[in-house]
Amino acid sequence: MTYDPSNIFAKILRGEIPSHRVYEDDAVVVFMDVMPQGPGHTLVVPKAPSRNLLDADPAALGPLFTVVQKVAMAVKKAFGADGVTILQFNEPASGQTVYHLHVHVIPRFEGIALKPHTGQMEKPEVLAENAGKIRAVLNG
Ligand code: AMP
């Protein structure tokens, strides 16, 4: 399978469709997941095109996971979470639904289960507020 540049995250990276952005640098864009599995569910997306981890340039992974760590620490603080789950899916059999490499960063709270993957759409105002909370920690 080859990379398809018409996937929805490629469109977000090109600014063709909107997202609730929390961070951007030369290598990575971070925005809110529109169907969060919990409050503060964030996606860390490298700008370099690949379907997933399996065809990614190894050189892209260091910068990607540096930002994953930065965002994990920020969401834990922003939401007063007890922990953080990191998820990353590769190909349909694994549950991947968008074919541009991305890492899920999800704040976790003792005793509270994750909501279903690609479940319910969150209200835009809630996503905007949550993005603001994370930006405030990253910029603080
Ligand atoms: P995966 O199944 O790992 O490919 O995850 C794709 C994720 O992207 C899911 O959690 C979706 O809720 C999320 N998603 C789909 N479309 C958008 C979008 N336009 N903006 C932000 N997140 C999205």
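In each ligand, atom 1 is the first atom listed, and ligand 1 is the first ligand listed.
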To check your reading of the model: name the closest protein heavy atom to atom 17 (C) of ligand 1, its residue, and the distance in Å. V34 CG2, 3.5 Å
How far is atom 5 (O) of ligand 1 from the closest protein heavy atom, and which atom is that? H102 NE2, 3.1 Å
Check whether the ring centres of F31 and F9 lie less than 6.0 Å apart, and answer yes or no. yes
If I apply the N/O under 3.5 Å rule, does V98 come out as touching ligand 1? yes
Can you tell me which residue and heavy atom of the protein come closest to atom 10 (O) of ligand 1, and the distance to 0.1 Å? D33 OD2, 2.5 Å
Run the numbers for me: atoms of ligand 1, each under 4.0 Å from some heavy atom of H117, listed by number. 1 (P), 2 (O), 3 (O), 5 (O), 10 (O)
Based purely on interatomic distance, does H41 place a nitrogen or oxygen under 3.5 Å from a nitrogen or oxygen of ligand 1? no
Using a strict 4.0 Å cut-off to heavy atoms of G95, name the atoms of ligand 1 that fall inside it. 2 (O)
Between E91, M35, H100, K11, flag the one that comes closest to atom 15 (C) of ligand 1 by a heavy atom. M35
Please determine whether a side-chain nitrogen of the Lys or Arg among E16 and R14 lies less than 4.0 Å from a carboxylate oxygen of the Asp or Glu. yes
Any idea which atoms of ligand 1 are less than 4.0 Å away from a heavy-atom of T97? 1 (P), 2 (O), 4 (O), 5 (O), 6 (C)
Say whether Q37 and ligand 1 are in contact under the criterion: heavy-atom distance to a ligand atom below 4.0 Å. no
Examine I8 against ligand 1 and note whether any of their N/O atoms are separated by less than 3.5 Å. no
I'd like to check which ligand 1 atoms, numbered from 1 as shown, lie under 4.0 Å from a non-hydrogen atom of F89. 3 (O)
Taking the ring of H102 and the ring of H100, is the distance between their centroids below 6.0 Å? no
Find all atoms of ligand 1 within a distance of less than 4.0 Å from any non-hydrogen atom belonging to Q96, and give their numbers and elements. 2 (O), 4 (O)
For atom 21 (C) of ligand 1, closest protein heavy-atom neighbour: M32 O, 3.4 Å
Flag side-chain contact, heavy atom, 4.5 Å: K133 against V75: no
Heavy-atom contacts under 4.0 Å between F31 and ligand 1: side chain, backbone, both, or neither? side chain
Do the non-hydrogen side-chain atoms of H20 and P124 ever get within less than 4.5 Å of each other? yes
List every atom of ligand 1 that sits less than 4.0 Å from any heavy atom of H104, numbering the atoms from 1 in the order shown and giving each element. 1 (P), 3 (O), 5 (O), 7 (C), 10 (O)
For ligand 1 and T118, I'd like to know whether there is a polar contact (N/O to N/O, distance under 3.5 Å). no
Under 4.0 Å from one or more heavy atoms of L43, ligand 1 contributes atoms 8 (O), 22 (N)
Look at the side-chain heavy atoms of Ile, Leu, Val, Met, Phe, Trp and Tyr, link any pair under 4.5 Å apart, and say whether V105 and L43 land in one connected group. no
